[in-house]
Amino acid sequence: MLLAAKLSNLSEYARRSWCPVAVPEGLLTDRELDFITERGQRLRAVRGEDLGAHSTMYRVRATFAPKEHILGNFEQAQDPVRPGFRFHPWCVDDPRALVTQASLVLAGKYYSVDEWTVLRQESESPAHQTWYLRGILGDSGFLAEFWLTFTSESPVVDFRGLITWSDRSDSRDDLFVDAIALETGELLSLDYRRRNGHAEPQWVNGRWLNLLAGRIGFIDGSGIPLHGRMLCWPQVKPLDYMHPDISTLLAGWQAPVYGLLRGGWEGRWLAHGNVPSWREKRDESSSFGAVLLEKGQLYDPRSLGLAGSPGITGDQEDFAASKGSRAIRVGDANYLYEAAHAIQQDAFRGMGHYEKGEALDPGAHSEWISWSGYTHWSHGVSPDRLGKLGAVDGRRATGWIGYDDQHRSQNNLAAYYALTGDPLARTFLEQHLRTDRAMIPDRMGAPRAVGRLLLTWANMHRLLGGEARGHLYGLMADKISAVFSQWAGGSSRGSVRIITYGTNARMGITDPSTGEPIPAWSCWEHGLACVGLYAALKVLPPGNARDQCYHLLLGISRSLVKHAVFYQAGEWVWCDTVHYPLPDQPPLQISDRDIGMPLPSGLYKRGSTYVNERDDFGGIANWILPAMLIFLEIIPETDPDRLLGESIVYSVTGGKTAYDRRTAEWWAVARRSTYAL
């Protein structure tokens, strides 16, 4: 099978480099391949690490001109017997220069790593070796982690780092340091240096000093993320500036290389499998490059993902059935560079819990209960406080707080990791999983929380391997069981088989005689629930959890098709919320046997106090359509409600794919997003 790819040099300098390209798991299996460029050049391609059950990383050895994009295809290797990994001589002419030292000043006292407690090789191939180092900064409560990825015969080393404050013996939930820095023997190029407020490296006492920040705050579990490249300059003098690897080092100072498949992800992309497709032909490039030129601070907002307070708005850039379409459909490698910056926000939210220099084991803290990524604010709910007295709140120290369940979304993180295998991104996924394992068990939550948690976990289930998959299966099964045992539709005799309902003024459903709020169900929240339930259905193995997931999904999506829209004056009208009648309560005074029965058709009309309709399709109504697409995908052709569902979908799509990318990322929940009647 021929697979096309585009290799991109984001730097203005020429370079010789191994370019990483993620390939869907199982699509290519050879350890050695050839990459045949459009000009007929035959380049070496080497298989590397697997990313769970989703992607396999390949690396292609290429020589790039400045800002060059190389197009080509993977093919069977003509000569599969090739040399093994070789360190570039400039990387090993002074091995001590590769050691990175983290240091900080706290309350006027200097701290640094006395010894590295962990040094291990994480992955290897004939093209690369990734090494991991971890050490404690004295008794400061700070931990430093670094990943160095060497590629064969290259003087540029990919560098990732994370410096986290997580001290179980310190009862404070936040603190401020006076300064924090890195010292390296080789020159370190940190990406986003100006935007993040890092100082330019300075040569001090025979080492490079990289001041990351002056006075800066931390909360328990938060840290400073680092993304860049270590440049191994030769020790020989005089320096031959005409050596071709000097240009490679200059390119490494500026920017990385990224590779992207051109096609190949159809049916294989993240939990839902589908690649978003849209018609709009405008330029999809980002303004992120201009943003990088602006001076900023580490805790400033990021261009992708969620806001510092995730609950600030219900329509954020990260929300969708899937992300990453700029990369997998448009082929924009700049998306990966932008996403790498955006996902760093996870380090600020306080999810990185450690204990004595090791990742905290939730299994050893049975009385630790988490809430929005933090230890639950109530001492009664979480007797184990992880050594802290108060409730963690990032607004004072970092300006970033945890992901509440109803706004939980890590679609860009999942997409970025699926395409790069970045060890820092994997660490964020693993940190979130540890915190999620401490969640309150058997809790249903709001419909949108059900959907967003299940979508996040389903993506993680595809991307992570080993024990993580078992933990994620347990989380999804527990959530689905809680919903299945508590959902209002479970005992309903009618066709409104919703998860839950509520009574509050925000829903806009009131008793016409009193103006007081009456019970209502949120259509758009149930649409979000379906997005997550369908993602879980696709990754769960056969069994009770999967069966329950299917019954929930079928009941809820059918409810949306039949009762979240109504037809008036020749058009479909979409509802944000609809009244949910209860027995012996005004104004409808129904009986017990009528629970779950739909509203009388006469109450479905514009201006009715029993429905809160939209003036036009868009906004949160766009979150309902994916559930209808799912419904049409899971029911048989003979289902009596199929024609109704197809008619509603056609009224929105006109039998065409989505017009713009953002809409397409919602419609990609299903293989087919159009119906031509």
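If you're wondering where the values come from, they're calculated on a predicted model, not measured in any experiment. Starting from 1, each residue takes its place in the sequence as its number.
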Worksheet entry | Donor on one side chain, acceptor on other, Arg452 and His407, under 3.5 Å | no
Discussion item. Please evaluate residues Leu625 and Val649 with respect to the criterion side chain to side chain contact (heavy atoms under 4.5 Å, CB included), reporting the C-alpha separation (whole Å), side-chain torsions for both, the decisive distance (0.1 Å), and the verdict.
Written reply: CA-CA 7 Å; Leu625 184 72; Val649 170; 3.9 Å; yes
Item to complete: Step through it carefully: locate the ring centre of Trp521, locate the ring centre of His563, and say whether they are under 6.0 Å apart.
Response: no
Fill in: Rounded distance [0.5 Å steps], CD1 in Ile624 versus CH2 in Trp574
6.0 Å
Worksheet item: Charged N to carboxylate O under 4.0 angstrom, Glu637 versus Arg642?
Response: yes
Fill in: Minimum-distance pair of heavy atoms, taken over all atoms of Pro225 and Gln344
CG-CB, 3.5 Å
Practice prompt. Take Thr375 and Val392 through the test side chain to side chain contact (heavy atoms under 4.5 Å, CB included) and record every step on the way to the result.
Written response: CA-CA 7 Å; Thr375 301; Val392 176; 5.7 Å; no
Worksheet item: Does any non-hydrogen side-chain atom of Trp278 lie less than 4.5 Å from one of Arg662?
Response: no
Worksheet item: Would you call the rings of His579 and Tyr610 parallel, tilted or perpendicular, where under 30° means parallel and over 60° means perpendicular?
Response: tilted
Worksheet item: Within a strict 4.5 Å, meaning less than it, do heavy atoms of the Leu464 and His471 side chains meet?
Response: no
Item to complete: Can you measure from CG (Leu433) to CZ (Arg469) and round to the nearest 0.5 angstrom?
Response: 12.5 Å
Worksheet item: Does CZ in Arg671 sit with more than 12 non-hydrogen atoms of other residues, nucleotides or ligands closer than 6.0 Å?
Response: no
Item to complete: Please answer whether the main-chain N or O of Gly308 pairs with a side-chain N or O of Arg349 as donor and acceptor at a distance below 3.5 Å.
Response: yes
Worksheet item: What's the spacing between His526 NE2 and Leu552 CG if we round to 0.5 Å?
Response: 10.0 Å
Practice prompt. Take the angle between the ring planes of Phe484 and His551 and call it parallel below 30°, perpendicular above 60°, tilted in between.
Written response: tilted
Response to the item:
Here the pair of heavy atoms bringing Ile635 nearest to Leu554 is CG2-CD1, 3.7 Å
Discussion item. Between Leu455 and Asn411, is the side chain to side chain contact (heavy atoms under 4.5 Å, CB included) condition met? List the steps.
Written reply: CA-CA 9 Å; Leu455 175 58; Asn411 287 323; 3.7 Å; yes
Worksheet item: For the side chain of His272 and the backbone of Asn274, is there at least one donor-acceptor N/O pair under 3.5 Å apart?
Response: no
Discussion item. So Trp572 and Val652, do their side chains get closer than 4.5 Å, heavy atoms only?
Written reply: no
Discussion item. Under 6.0 Å from the ring centre and within 45 degrees of the ring axis: does the NZ or CZ of Arg279 meet both conditions for the six-membered ring of Trp667?
Written reply: no
Worksheet item: Cys530 versus Leu560: any side-chain heavy-atom pair under 4.5 Å?
Response: yes
Worksheet item: Between Lys479 and Val450, what is the shortest heavy-atom contact and its length?
Response: CD-CG2, 4.4 Å
Practice prompt. Spell out, as yes or no, whether a donor-acceptor pair under 3.5 Å connects the side chain of His54 to the backbone of Leu270.
Written response: yes
Fill in: Distance, nearest 0.5 Å, that separates CD1 of Ile369 from NE2 of His379
14.0 Å
Worksheet item: Any side-chain heavy atom of Leu599 within less than 4.5 Å of one from Leu588?
Response: yes
Worksheet item: With a 4.5 Å heavy-atom cut-off, do Ile480 and Leu454 have their side chains touching?
Response: yes
Fill in: Test salt bridge (charged side-chain N to carboxylate O under 4.0 Å, His left out) applied to Arg326 and Glu317, Glu338, Glu665, the passing residue
Glu338
Fill in: Nearest heavy atoms of Gly331 and Leu260, plus distance in Å
C-CD1, 3.7 Å
Practice prompt. Look only at the side chain of Ser370 and the backbone of Thr435, and say whether a donor-acceptor pair between them is shorter than 3.5 Å.
Written response: yes
Worksheet item: Is any side-chain heavy atom of Val330 less than 4.5 Å from a side-chain heavy atom of Ser325?
Response: no
Fill in: Sequence neighbours excluded - ring-ring contact (aromatic ring centres under 6.0 Å, His included) pairs with any residue from residues 584-607
Phe566-Tyr604
Worksheet item: Charged N to carboxylate O under 4.0 angstrom, Arg395 versus Asp393?
Response: yes
Worksheet item: Is there a donor-acceptor contact under 3.5 Å from the side chain of Trp269 to the main chain of Lys323?
Response: yes
Worksheet item: Would a 4.5 Å heavy-atom cut-off, applied to side chains only, mark Thr500 and Pro447 as touching?
Response: yes
Discussion item. When you measure from the side chain of Asp478 to the backbone of Ser481, do you find a donor-acceptor pair of N or O atoms at a distance under 3.5 Å?
Written reply: no
Worksheet item: Is the backbone of Asn412 close enough, under 3.5 Å, to the side chain of Asp318 for a donor and an acceptor to pair up by distance?
Response: yes
Worksheet item: Below 4.0 angstrom, N of the basic side chain to O of the carboxylate: do Arg408 and Asp436 qualify?
Response: yes
Discussion item. For a quick test of reading the model, state the closest non-hydrogen atom pair linking Gln345 to Leu304 and the distance between them.
Written reply: NE2-O, 3.3 Å
Discussion item. Assess the residue pair Trp265 and Leu419 against the criterion (side chain to side chain contact (heavy atoms under 4.5 Å, CB included)); give the C-alpha distance rounded to whole Å, side-chain angles, the decisive distance to 0.1 Å, and a yes or no.
Written reply: CA-CA 11 Å; Trp265 290 108; Leu419 294 172; 3.8 Å; yes
Response to the item:
Separation between CG (Asn612) and CZ (Arg506), nearest 0.5 Å, reads 12.0 Å
Worksheet item: Just by distance, do the side chain of Tyr374 and the backbone of Gly402 share a donor-acceptor pair under 3.5 Å?
Response: yes
Worksheet item: Which residues satisfy the ring-ring contact (aromatic ring centres under 6.0 Å, His included) test with His432, sequence neighbours excluded?
Response: Tyr403
Worksheet item: Of all heavy-atom pairs between Arg606 and Glu571, which one has the smallest distance, and what is that distance?
Response: NH2-OE2, 3.0 Å
Worksheet entry | Residues forming a ring-ring contact (aromatic ring centres under 6.0 Å, His included) with Phe319, sequence neighbours excluded | none
Worksheet item: If you measure from CG on Leu537 to CZ on Arg546, what distance do you get to the nearest 0.5 Å?
Response: 4.0 Å
Fill in: Short side-chain to backbone donor-acceptor contact, Arg329 and Ser277, under 3.5 Å
no
Worksheet item: Is a side-chain donor or acceptor of Glu525 paired with a backbone partner of Ala446 at a separation under 3.5 angstrom?
Response: no
